[in-house]
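Structure record follows, encoded as structure tokens.
Numbers for residues simply follow the sequence, beginning at 1. Not measured: the values here are computed from a predicted model.
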Amino acid sequence: MTYATNLIEQLGKDAPFHWFLYDRAKRNPRYDLADFTHQAAQLEAHLDALGLAWQAGAPVADWLTPDDWGTPFVLATLGVRYQQPALFAQALDLLSTDEETHRRELVDACLWHPSEDLPPWVLA
């Protein structure tokens, strides 16, 4: 189980960090489409891993550091993907009105899914 603990700790740090890299790729003119696509794929892979862990009953939210950029995105995205308003609410609780990055995270989380897949509690 030693490996599992280390993997969990790393996943809790890597998933938000990959949102940060994705956000930078999106806003940096030096990134081309291939770079941007690569960053999006890396982020999706980490979201998939967290989603599998969550489906297996793991306390995914406990693995994330609230102060990390990307944590609100990860929680909101998983909340929408798995129809879990509590995870989405945790993301909202982390938002700071004076932190512009947090607003981008929430917008990105909602745009990560097709609009018809957004549950009514997100749109309200």
Original post:
Should L11 and V60 count as side-chain neighbours, where that means a heavy-atom distance under 4.5 Å?
Top reply: no
Subject >> Common cluster, L106/L118, ILVMFWY with side-chain heavy-atom separation under 4.5 Å >> reply: yes
Original post:
Under 4.0 Å between a Lys/Arg side-chain N and an Asp/Glu carboxylate O for D35 and R24?
Top reply: no
Original post:
Tell me, do Q84 and L75 make a side-chain contact under 4.5 Å, heavy atoms counted?
Top reply: no
**OP:** For the residue pair F36 and N28, establish whether any side-chain heavy-atom pair is separated by less than 4.5 Å.
**Re:** no
Tell me which donor-acceptor pairs under 3.5 Å the side chains of residues 64-72 have, and how far apart each pair is, sequence neighbours excluded?
residue: T71; atom: OG1; partner: T65; partner atom: O; Å: 2.8
residue: T71; atom: OG1; partner: D68; partner atom: O; Å: 3.3

**OP:** Indicate if F17 and L50 have the same hydrophobic cluster label, given that clusters are the connected sets of ILVMFWY residues with side-chain heavy-atom separations under 4.5 angstrom.
**Re:** yes
**OP:** Just grab all the side chain to side chain donor-acceptor pair (under 3.5 Å) pairs involving residues 109-124, residues at least two apart or on different chains.
**Re:** E44-W112
**OP:** Let me see the working for L87 and Y82 under side chain to side chain contact (heavy atoms under 4.5 Å, CB included), right down to the final yes or no.
**Re:** CA-CA 9 Å; L87 285 176; Y82 297 104; 5.7 Å; no
**OP:** Could you please spell out the steps behind the side chain to side chain contact (heavy atoms under 4.5 Å, CB included) verdict for D48 and R81?
**Re:** CA-CA 10 Å; D48 285 346; R81 184 171 290 178; 3.3 Å; yes
**OP:** Is it possible for you to say whether Y31 and Y22 belong to one hydrophobic cluster, with membership spreading through side-chain heavy-atom contacts below 4.5 Å?
**Re:** no
Original post:
What residues, two or more places apart in sequence or in another chain, satisfy salt bridge (charged side-chain N to carboxylate O under 4.0 Å, His left out) together with K26?
Top reply: D23, D108
**OP:** Measure the shortest side-chain to side-chain distance between V122 and P119 over non-hydrogen atoms and say whether it is less than 4.5 angstrom.
**Re:** yes
